[in-house]
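Here the structure is laid out as structure tokens; the discussion comes afterwards.
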Amino acid sequence: MPGLKSFAFATLLSVAASYAVAEQITQNTSPPVDNPIVLQRADPMLVRHDDTRCYTFIGTSPKFDEIELRQACRLNDLKLAEPKVIWRKHERGEMSVNIWAPELHKVDDAWYIYFAAGDIDKPFSIRMYALKNASADPMQGEWQEAGRIESGWDTFALDGTTFTHRGKRYYVWAQQNKARTYNSALWIAEMTSPTTLKLPATLLSEPTLDWEVQGYKVNEGAAVISHGEHLFITYSASATDHRYAMGLLWANNDADLLDPESWHKKSEPVFTTNAKAGRYGPGHNSFVKGEDGETDLMIYHSRDYEALKGTPLTDPNRHARARVLTWDEKGFPVFAEAASD
């Protein structure tokens, strides 16, 4: 079938070209990114401030006991920037252990940090919480506890993120189902305030694919980016060792985001371990514009070795990294996982 062979060959050329372009852009970013951008910070997120063109970085502290911020105007200076601890865990009760995956967002003229935490007497009773700061600069002012994010049922819940789309604000998070048949799935709800969800929630994605259930049955770490005619959500799945990998959901821009039928899910992971590139267990990413204000960057964590030093939670060497994200002719993200950073 000559036509089919020609189509397949053209497809392979297109994929190869996309990988080559992504690798070339990553290597030639001005200035080139010096990865890792921050050492020992999992679940990394960057906010680029339009007024100063500088960045604020946030991520999980390896001791899981505090939340810190750091700022720099160049990506390569983040690893040199002095971190500022803005909040520490409680001694007892809620928010006293496992302070995970903080995210920084500007909502209604105030800064909010959404994060997950447990109770030291029940370390994995992970629930979602928020901090608030009315200062124009998140490094200044006073951070205050803004309460727990209630999702409608009481199970393991984490990795909250928020975004606006067509005039509405949404919240996406990971949570165990009521039947507790898996560790976490992805859910979405509209927000009625920076800390309140309009319920019931909509189920976006459950861990049902083979690559999503390696070690643990997990969908978590959602990140949202809009491009062209689509809204995309990346997420991470499986145990947080070398089997950790990223998947992709998408919906049309004009779709009802609270309708499960609006969402599509790629059956294969889009970003995985690549021993040749020295990348193990990549995931829990975020998106931000580059220093030019135009280039899309993916910020993610990974280790540079496979054999853990302890357990996935006690091994601290998940480093924050940055790479250029390009787009194919259909407006879909090209992760170029064969390319190094």
Side chains of Phe287 and Thr234: does their closest heavy-atom pair fall under 4.5 Å?
yes

Thinking salt bridges, do Arg279 and Asp304 make one under a 4.0 Å N-O criterion?
no

Between His90 and Glu145, is a side-chain hydrogen bond (donor to acceptor under 3.5 Å, both in side chains) present by the stated rule, with each step listed?
CA-CA 11 Å; His90 294 185; Glu145 294 174 7; 2.6 Å; yes

Do Lys265 and Leu248 touch side chain to side chain, with heavy atoms closer than 4.5 Å?
no

Where is the tightest heavy-atom contact between Leu258 and Pro260, given as atom of each residue plus distance?
O-CD, 3.5 Å

Donor-acceptor pair, distance only, cut-off 3.5 Å: does the side chain of Asp43 make one with the backbone of Gly221?
no

Check ion pair Arg127-Asp119 (N to O, under 4.0 angstrom)
no

Is atom NZ of Lys84 surrounded by more than 12 heavy atoms (other residues, nucleotides or ligands) closer than 6.0 Å?
yes

Lys/Arg N to Asp/Glu carboxylate O, Asp328 vs Lys330, below 4.0 Å
no

For the residue pair Arg166 and Asn253, what are the closest heavy atoms and their distance?
CD-O, 3.1 Å

Which atom names give the shortest non-hydrogen contact between Asn133 and Trp143, and what distance separates them?
ND2-NE1, 3.1 Å

Under a 4.0 Å N-O cut-off, is there an ion pair linking Arg148 with Asp154?
yes

Heavy-atom side-chain contact between Asp296 and Val324 under 4.5 Å:
no

Looking at Lys106, I'd like to know if its NZ atom is crowded, meaning that more than 12 non-hydrogen atoms belonging to other residues, nucleotides or ligands lie closer than 6.0 Å.
yes

Give me the atom names and distance for the closest heavy-atom approach of Leu186 to Leu249.
CD1-CD1, 4.1 Å

Validation row: Ile188, Leu257 side chains within 4.5 angstrom (heavy atoms)
yes

Give me the ring orientation class for Trp111 and His49: parallel if the planes are under 30° apart, tilted from 30 to 60°, perpendicular past 60°.
perpendicular

Output, in order, the C-alpha distance, side-chain angles, deciding distance and verdict of side-chain hydrogen bond (donor to acceptor under 3.5 Å, both in side chains) for Thr181 and Asn177.
CA-CA 7 Å; Thr181 57; Asn177 60 337; 2.7 Å; yes

Kindly say whether Ala81 contributes a backbone atom to a donor-acceptor pair with the side chain of Asp77 at under 3.5 angstrom?
no

Counting heavy atoms not belonging to Asp259, are there more than 12 under 6.0 Å from its CG?
yes

Reference residue Trp187; test ring-ring contact (aromatic ring centres under 6.0 Å, His included); the match among Trp153, Tyr170, Trp263:
Trp153

Does the side chain of Tyr280 reach to within under 4.5 Å of the side chain of Ser302, using non-hydrogen atoms?
no

Closest heavy-atom pair and its distance - Pro207, Val213:
O-CG1, 3.5 Å

Can you tell whether the side chains of Lys89 and Asp65 come within less than 4.0 Å, N to carboxylate O?
no

Check the pair Glu220 / Asn183 against side-chain hydrogen bond (donor to acceptor under 3.5 Å, both in side chains), numbers first and verdict last.
CA-CA 9 Å; Glu220 65 179 19; Asn183 298 89; over 6 Å; no

Side-chain heavy atoms nearer than 4.5 Å, only ILVMFWY residues, links allowed to pass through others: does that put Phe57 and Val288 together?
yes

Within the structure provided, determine whether Thr56 and Arg70 are in side-chain contact (heavy-atom separation under 4.5 Å).
no

Between Ile113 and Ile86, does a side-chain contact (heavy atoms from CB on, under 4.5 Å) hold up when you go through it step by step?
CA-CA 10 Å; Ile113 292 175; Ile86 57 91; 3.6 Å; yes

Test item: Thr195 and Ile149 side chains (from C-beta on) under 4.5 Å apart, heavy atoms:
yes

Count the heavy atoms of every other residue, nucleotide or ligand shown that sit under 6.0 Å from NZ of Lys198, and state whether that count exceeds 12.
no

Let's go through Glu190 and Leu197 carefully: what are the C-alpha distance in whole Å and the side-chain angles of both, what is the deciding distance for side-chain contact (heavy atoms from CB on, under 4.5 Å) to 0.1 Å, and is it a yes or a no?
CA-CA 6 Å; Glu190 192 177 338; Leu197 307 183; over 6 Å; no

Would you please name every residue forming a ring-ring contact (aromatic ring centres under 6.0 Å, His included) with Tyr171, sequence neighbours left out?
Tyr114, Trp173

Parallel, tilted or perpendicular: which one describes the rings of Trp250 and Phe332, with boundaries at 30° and 60°?
perpendicular

Mind checking the CG-CG spacing from Asp51 to Asp137? Nearest 0.5 Å is all I need.
9.0 Å

Between Tyr300 and Phe271, is a ring pair (Phe, Tyr, Trp, His ring centres under 6.0 Å) present by the stated rule, with each step listed?
CA-CA 10 Å; Tyr300 72 99; Phe271 200 57; 5.1 Å; yes

Does Lys309 make a cation-pi contact with Tyr305, if we ask for NZ or CZ under 6.0 Å from the ring centre and within 45° of the axis?
yes

Using the side-chain hydrogen bond (donor to acceptor under 3.5 Å, both in side chains) rule, take Asp256 and Ser262 through it: C-alpha gap first, then chi angles, then the decisive distance, then the call.
CA-CA 6 Å; Asp256 177 2; Ser262 296; 5.7 Å; no

Do the side chains of Glu68 and Arg41 get close enough for a salt bridge, i.e. N-O under 4.0 angstrom?
yes

Check the hydrophobic clustering (I, L, V, M, F, W, Y; side-chain heavy atoms under 4.5 Å; chains of links allowed) and say if Leu313 and Tyr244 are grouped together.
no

With sequence neighbours left out, write down each residue that passes side chain to side chain donor-acceptor pair (under 3.5 Å) with Gln40, or none if nothing qualifies.
Asn317

Could you check whether any side-chain heavy atom of Tyr182 comes within less than 4.5 Å of a side-chain heavy atom of Glu206, counting everything from C-beta outward?
yes

For Ala185 and Leu203, work out which heavy atoms get closest and say how close.
CB-CD1, 3.8 Å

